[in-house]
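Along the sequence shown, residues are numbered consecutively beginning with 1.
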Amino acid sequence: MFDLSSADLLDAFTRELQLCKVREGEHVVVLSEPGSRGDYVAAAFGAAKACGAHVIAATVPGGSPAPMPSTHTGAGPGLLSVLNDSAAQDLLKSADLVVDLTREGFIHAPVQQEIRRAGTRIIFICDAPDVLIRNLPKANDKAEVQEGVDLLERSSVMRVTSAAGTDLTVQLAGSKPEFQCGFADDPGRWDHWPSTMVLCWPEISDGQIVLDEGDILLPFKEYVSSPVTLEVSDGHIEKVSGGAQARMLSTFFDDAQDRWARSLSHMGWGLMRTADWFATAMYGKDELMGMDARAFAGNFLWSTGPHPVLGRESYAHLDIAMRGCTVSVDGTEVVTAGTLTDR
């Protein structure tokens, strides 16, 4: 959207890698595929050098075994070229930080866990340049999202309501609360620039979710045009009703031929105050991943498909970002009618 120079990108990537605590003498691997942005590869390489790190730029063939690759959900096991190449995996495991510039990434990939167990930090970057720069994280973002994680860990129930009719009760026991803060500074940490959110992986949720006009369906990158009602029982979507987008969701679930397509996955709320809800409308669909919507401050984000806590591998991963919801955790409101609550 804006005319950014290579110097702007280098500065932003350098500040990002500094937040990732890249130090002199560390080893950084810049991972890309042929379709990755060359200016990002150059900026990441230069930033690592500016931090005094040893840096390798590794380009691997693209391609994922996901049955619906057009959606680019990031739900599959990752790039085949890495999955099938122990040398590539060993390279990533040997790094202190991997800057992942691939389109699919390894967000839900089992191999990602192996790489992280080696102590490797991973930062995933897949959005437009001005989106990255506008949403460049701050060091204190981590402490804020950690407060939300602490609240979820000591609580039993999350309830989500809205004027549109959403009323969902979520059991938090065993839900493994997590966060994204936009940088990976701890050994074995994966994170996503840009992102500031609190999330968890519940098993049991019941009630109904009503998507209102203006909510955002990802990865379709489409705004809801008329209400869609999803009836949820025991963490599973039993019924979808509404207009054309309700039929589209039902068709997606059916076409995925995935037993977990209608099962709820992670859910939580966004804290990224610099996010722009309308970014989805202002870019081409291939220009951004949609983190403005996913991490928008005061949203309610929920998803379908993969569930690592339950050992559920799935390709049918949708993220749906909603505005105007009230999110309460054991009676404490963290979001009130779509606005973050000061606590």
Throw together a table of side-chain donor-acceptor distances under 3.5 angstrom for residues 233-248, partners on residues two or more places apart or in other chains.
unit_1 : atom_1 : unit_2 : atom_2 : d
His236 : ND1    : Ser263 : OG     : 3.4
Gln245 : OE1    : Ser225 : N      : 2.7
Gln245 : OE1    : Ser225 : OG     : 3.2
Gln245 : NE2    : Glu222 : OE2    : 2.8
Gln245 : NE2    : Tyr223 : O      : 2.9

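Residues satisfying the salt bridge (Lys or Arg N to Asp or Glu O under 4.0 Å) criterion with Lys221, sequence neighbours excluded, are absent altogether. Every residue two or more places apart in sequence or in another chain that forms a side-chain hydrogen bond (donor to acceptor under 3.5 Å, both in side chains) with Thr166 is listed here: Ser162. Not counting sequence neighbours, the partners of His54 by the ring pair (Phe, Tyr, Trp, His ring centres under 6.0 Å) test are His27.
For the pair Arg312 and Asp258, the salt-bridge criterion is not met [side-chain N within less than 4.0 Å of a carboxylate O]. Asp127 and Arg294 are not joined by a salt bridge, as no carboxylate oxygen comes within less than 4.0 angstrom of a charged side-chain nitrogen.
A donor and an acceptor atom, one from each side chain of Asp8 and Ser5, are located under 3.5 Å apart. Side-chain contact check for Thr102 and Asp100: at least one donor-acceptor pair (N or O, by modelled atom type) lies under 3.5 Å. One side chain, Gln146 or Asp150, offers a donor N or O that lies under 3.5 Å from an acceptor on the other. Checking Asp206 against Thr169 by side-chain atom types alone, no donor-acceptor pair falls below 3.5 Å.
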ask   = Should Asp11 and Arg15 be marked as a salt bridge (Lys or Arg N to Asp or Glu O under 4.0 Å) after you check the CA-CA gap, both sets of side-chain angles, and the distance that decides it?
value = CA-CA 6 Å; Asp11 176 68; Arg15 292 160 64 190; 3.4 Å; yes
query = Would Lys142 and Asp191 satisfy salt bridge (Lys or Arg N to Asp or Glu O under 4.0 Å), going step by step from the backbone distance to the final call?
reply = CA-CA 11 Å; Lys142 184 177 180 181; Asp191 218 297; over 6 Å; no
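Identified under the ring pair (Phe, Tyr, Trp, His ring centres under 6.0 Å) test for residues 118-168, with sequence neighbours left out: Phe124-His192.
The shortest heavy-atom contact between Trp260 and Glu313 is CD1-O, 3.6 Å.
Hydrophobic side-chain contacts under 4.5 Å tie Leu19 into a cluster, directly or through other members, with Phe183.
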